[in-house]
Every structure is written in structure tokens, then in C-alpha cells.
Number of protein chains: 2
Amino acid sequence: MPRQSRTSGSTSRGTSTRKDILAAAVSLASVEGLESLSIGTLASELGMSKAGLFAHFGSKEALQVATVEAARLVFTEEVLVPARGRPPGLPQFQAYIDTYLSYVQRRVHPGGCFFTAMSIEFDDRRGPVRSQVRAFAIECRDLLEQTIREAQSLDQIHAWVDPAQVVFEATALVRGTIVSYQLLRDPILIQRARLGIEGLLERVRVAPPASELRPAMRRGAERA
Amino acid sequence: MPRQSRTSGSTSRGTSTRKDILAAAVSLASVEGLESLSIGTLASELGMSKAGLFAHFGSKEALQVATVEAARLVFTEEVLVPARGRPPGLPQFQAYIDTYLSYVQRRVHPGGCFFTAMSIEFDDRRGPVRSQVRAFAIECRDLLEQTIREAQSLDQIHAWVDPAQVVFEATALVRGTIVSYQLLRDPILIQRARLGIEGLLERVRVAPPASELRPAMRRGAERA
DNA sequence: CCTACCGATCGGTAGG
DNA sequence: CCTACCGATCGGTAGG
């Protein structure tokens with residue numbers, strides 16, 4: 001089998017190739033990590049030469065940085081943008097949780113959450129990749145905290161609640177879920193995460209709708 | 001600098017060397033991962049030859065398996081054993097959470113939680129290492145669920161509570177905390193995790209001691 | 001436990 | 001974007 005079909009419609013020739021490379025790099029890196037991802041493997045997967053691929057980036061580190069940036073764009077498109085459109089405050093916060101869990105469950109990347117994998121891989125190394133991952137983590141955290149503050153100003157969440165604490169608990173729960181889910185692949189874990197989030201929000205929500213009882217902790221609690 | 005001092009007191013000669021190798025392997029793997037850990041690097045760090053080290057295991061995979069097993073023993077010693085001695089039920093459950101967070105905070109391994117790192121690294125690969133990591137995860141989950149059942153039979157936790165759900169929420173929260181903590185290195189995250197666990201247990205605990213109010217979500221909630 | 005070596009692959013370069 | 005190559009390192013082996 002020679003080469004590969006070059007029918008991935010994008011802008012110009014060189015840009016298209018670069019995008020194809022980065023799409024494959026994000027995919028591979030989500031599974032094997034960014035350090036184990038080799039230029040040779042990546043090139044042969046795309047049917048091009050090692051040196052040809054290398055020329056697009058100039059160093060492995062530059063390829064890694066570009067890969068993280070590409071993954072950030074995917075995450076923004078798949079998780080942040082859909083939730084951003086929801087009504088402000090609590091619904092939007094819940095939407096962020098949902099789109100994040102869905103991003104993992106739909107297997108947007110074969111290795112699960114790209115940034116969780118990169119976080120574990122680079123948390124002990126200095127350099128631009130760790131900086132990127134840290135910056136994005138803080139960016140997302142701030143975004144969610146702002147959503148909680150909006151929920152408070154809309155009287156959906158009690159004013160005495162610390163936004164940082166709610167956001168921390170929700171994101172830690174979801175991130176921990178993702179780690180376990182990738183290992184065990186049991187969809188019930190995603191369900192349990194949703195129940196956990198409901199229980200957490202129950203504690204801070206103003207005037208919960210009496211029509212629903214949300215027995216998150218109850219035995220055999222299942223979604224309808 | 002030739003060789004290294006061989007004064008790590010253990011049983012026989014060969015066993016001692018093997019233990020030294022595995023201690024270094026666990027330490028290195030917690031930072032770089034088990035796949036990136038190379039036999040050459042490990043050997044030179046211990047001041048021995050590559051072939052000499054290799055002879056102890058016969059293959060890289062066997063070294064990896066032995067490393068995970070060694071890490072399991074450390075985890076048992078550092079996390080499970082100390083908590084096991086606490087009073088049964090809720091105090092024991094809380095002790096497991098505490099010793100686990102402490103295991104990360106005390107940096108028992110330089111890379112944080114060994115099994116979280118291995119979980120992320122091997123969740124997409126078949127083979128004995130993933131099996132080990134999975135088996136240990138399930139073992140710990142079952143252990144914690146048993147503790148919750150004991151707490152129920154001791155009337156510390158309500159009978160209507162689903163042990164699997166409590167254990168899931170607590171461990172997901174802690175695991176997510178560990179991922180964030182390793183990346184951001186902010187001790188407040190550990191504190192927030194403890195508050196989150198308190199809040200979670202508050203919902204399921206029987207007859208909370210009226211002497212304390214546990215305002216886990218409140219702004220500026222700090223430990224004494 | 002060692003030295004010496006194997007073929008394969010790594011990131012990166014030369015030159016086109 | 002290619003072929004051809006560099007020195008270094010990989011897991012693993014031979015032989016002692």
C-alpha cells in the first residue's frame with residue numbers, strides 16, 4: 001500500500017498536511033503519551049517520511065507544543081462551546097460537566113481525556129508542555145468559578161457558598177471518574193458521577209424543585 | 001565515582017539487590033512511567049551493568065510486573081495497614097482517605113500516586129500490567145465498600161445508602177484531587193478534598209455530632 | 001554479576 | 001516534501 005489518499009479537505013496544501021499531522025498526533029498522544037509518541041511512527045501512520053514531517057515543526061518539543069494546542073482547540077469545540085450556549089448560571093455549569101463527561105464517553109480521543117493524560121505525564125517535568133497544561137487547567141477552573149458566581153447572582157446557588165470549593169469538588173469528582181472509567185470501562189461509573197454531581201449541587205442549590213427528590217445516594221438509584 | 005556503596009541491609013545478597021532495583025524502578029516509574037523507564041537508565045542509576053540488572057528479570061515486561069508488585073507492597077504498607085488499625089466503620093473509612101492523601105502529600109514516590117500514573121499509562125494497553133492495576137483498583141474498592149457496610153451495621157451510616165455510590169464518590173474525588181495536586185502543587189487542594197469528603201459523609205452519616213457544624217462549602221472554610 | 005555485541009529505532013541533519 | 005545518513009539509546013543475547 002503506497003502513500004495514502006490526500007482527501008482531507010482543508011484550507012491550503014501545507015496547512016492541511018499540518019492539520020492532518022496534528023490530528024493524528026493528538027489521537028496517538030492520548031493513548032501513548034506525548035513523550036512516547038515518535039516522529040517515525042507518526043510519519044509512517046500518515047504515509048509520509050520522517051524528515052518531511054519533522055520539517056513542519058523543527059523539533060520534537062515544538063511538535064508536542066503544537067499537539068497540545070491542537071487538543072485544546074478540540075476540547076474547546078467539543079466541551080466548552082456547546083455548554084457556553086446554555087442559560088447562564090447553574091444550567092451552564094451542569095452543561096460543562098455533561099459535555100466533559102460526554103467528551104470522554106464519546107471517545108473524542110481514543111485515549112480518553114487528553115489533558116488528564118498530559119497532566120499525569122508532565123506534572124513532574126519542567127518545560128512548555130507543562131506550562132500549557134497548567135494554564136489550560138487554570139483557565140477552565142476560572143471559567144467554571146465564574147459560572148458559579150453567575151448562579152449566585154441569579155439566586156440559583158446560596159450566597160454563602162465558596163465558588164472555588166464547589167468547582168473543585170465537581171471537577172475533582174469528574175476527573176477521578178475519568179481515570180477510573182478509562183481503566184474499568186464500566187458505563188455505570190459515568191452514571192455514578194452524574195449522581196455525585198447532583199448530590200453536590202443539592203447541597204448548595206437555592207429552592208430545589210420540590211417535584212423531584214434526587215435520591216443520589218440511595219441504593220439502586222438509576223437514571224430514568 | 002566507581003560503583004556505589006552496597007549497604008542497604010536486607011536478607012540475602014541477591015534478594016537485596018533485587019529489592020534495591022525495584023525500589024529505584026518504582027521511584028523512577030512514578031515520574032516517567034513504566035514504558036519510558038529504560039533498563040539502561042535504571043542500571044546506571046544503581047551503578048550496575050545493564051545486562052546484570054536485566055538478568056534479574058529476563059524481560060522488560062517481567063521487570064514492569066515486578067515493579068507494580070513492589071509498588072503494591074509499598075501502598076499496602078503506607079496506606080492500607082495504618083488505616084486498618086483504626087476503629088471499624090466510619091473512622092476506618094475516613095482513615096483510608098487520610099492515609100491515601102497523606103501518601104501523596106508526603107511524596108512516598110516522587111511522582112505522586114503510583115497507581116494513578118499506571119492507570120493512565122496502561123488503560124489502553126492489553127497485558128499483565130493493566131491486569132495488575134485493574135485487580136488492585138477493584139481490591140481497594142471492595143475493601144472500602146466493606147468498610148461502609150460495617151459502618152451501616154454499626155449504625156454510623158444510614159441503611160438506605162448505597163455503599164458503592166459513597167465509595168465511588170469519595171475515591172473519585174480523591175483521585176481527581178491527586179491529579180490536580182500533582183500538576184498545581186497547591187496544598188489547599190488537599191484541604192479542599194478533605195472538606196469535600198466531610199460534606200459527602202455529612203449527607204449519609206447517622207446522627208451527626210451536634211457539637212460541630214462542618215460548614216464544608218462555606219466561604220473561607222479552613223481547618224483548625 | 002560482567003564485557004561486548006546484535007538489529008531496531010530514536011531525534012535530528014545534510015542536501016536536494 | 002524526499003533519500004540518506006548521523007550518534008545515541010533501546011531491549012535483548014552470547015559467553016563467561
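All of these numbers come straight from a predicted model, not from anything done at the bench. Below, read A as the first sequence line, B as the second, and so on, with proteins coming before strands; counting in each chain starts at 1.
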Could you list by number each residue of residues 60-71 of chain B showing a heavy-atom separation from DNA chain D of less than 4.0 Å, or answer none if no residue does?
B/Lys60
Whole-Å distance separating the CD atom of A/Glu32 from the P atom of C/dT9:
14 Å
Which part of the nucleic acid, if any, lies within reach of A/Leu42 when heavy atoms closer than 4.0 Å are counted: base, sugar-phosphate only, or nothing?
nothing
Is the phosphate of D/dC10 approached by B/Thr41 (side-chain N or O, under 4.0 Å from OP1 or OP2)?
yes
Going by the rule salt bridge (charged side-chain N to carboxylate O under 4.0 Å, His left out), which residues pair with B/Glu35 if we only count those two or more places apart in sequence or in a different chain?
B/Arg125
B/Glu35 CD to C/dT9 P: how many Å, rounded?
15 Å
Looking at residues at least two apart in the chain, or sitting in another chain, which of them share a side-chain contact (heavy atoms from CB on, under 4.5 Å) with B/Ala23?
none
The criterion is side chain to side chain donor-acceptor pair (under 3.5 Å); which residues satisfy it with A/Ser36, sequence neighbours excluded?
none
In whole angstrom, give the distance that lies between atom NE2 of A/His56 and atom P of C/dG12.
16 Å
How does DNA chain D look in dot-bracket form if you count Watson-Crick and G-U pairs under 3.5 Å, write [ ] for pairs that cross, and put | where a base pairs with another strand?
||||||||||||||||
Please list all pairs passing the side-chain hydrogen bond (donor to acceptor under 3.5 Å, both in side chains) test where one or both residues lie in residues 171-183 of chain B, with sequence neighbours left out.
B/Thr116-B/Arg175
Taking side chain to side chain donor-acceptor pair (under 3.5 Å) as the test, write out the residues that go with B/Asp123, two or more places apart.
none
Within the structure shown, what part of the strands sits under 4.0 Å from B/Ser38 by heavy-atom distance: base, sugar-phosphate, or nothing?
sugar-phosphate
All pairs passing side-chain hydrogen bond (donor to acceptor under 3.5 Å, both in side chains) where residues 131-140 of chain B contributes a residue, at least two apart:
none
Run the side chain to side chain donor-acceptor pair (under 3.5 Å) check on A/Gln191 and A/Arg194 step by step: do they pass?
CA-CA 5 Å; A/Gln191 222 175 91; A/Arg194 293 190 203 277; over 6 Å; no
Hey, what do you get for CD (B/Gln92) to OG1 (B/Thr147), rounding to the nearest 0.5 Å?
5.0 Å
Atom CG of B/Leu53 and atom C1' of D/dG11: how far apart are they, to the nearest Å?
12 Å
Just to verify, what does A/Asp124 make a salt bridge (charged side-chain N to carboxylate O under 4.0 Å, His left out) with, not counting sequence neighbours?
B/Arg185
Rounding to a whole Å, what distance do you find between A/Ile39:CD1 and C/dG11:C1'?
6 Å
Euclidean distance, atom CD1 of residue A/Ile21 to atom C1' of D/dC1 [Å, nearest integer]:
10 Å
Below 4.0 angstrom from OP1 or OP2 of C/dG12, is there any side-chain N or O of A/Ser59?
no
Taking ring-ring contact (aromatic ring centres under 6.0 Å, His included) as the cut-off, I'd like each qualifying pair that reaches into residues 121-142 of chain B, sequence neighbours left out, listed once.
B/Phe75-B/Phe136, B/Phe115-B/Phe136
Restricting both atoms to N or O, compile the protein contacts to nucleotides 13-16 of chain C shorter than 3.5 Å, with distance only.
none

Which pairs count as salt bridge (charged side-chain N to carboxylate O under 4.0 Å, His left out) when at least one residue sits in residues 75-89 of chain A, sequence neighbours excluded?
A/Glu78-A/Arg106
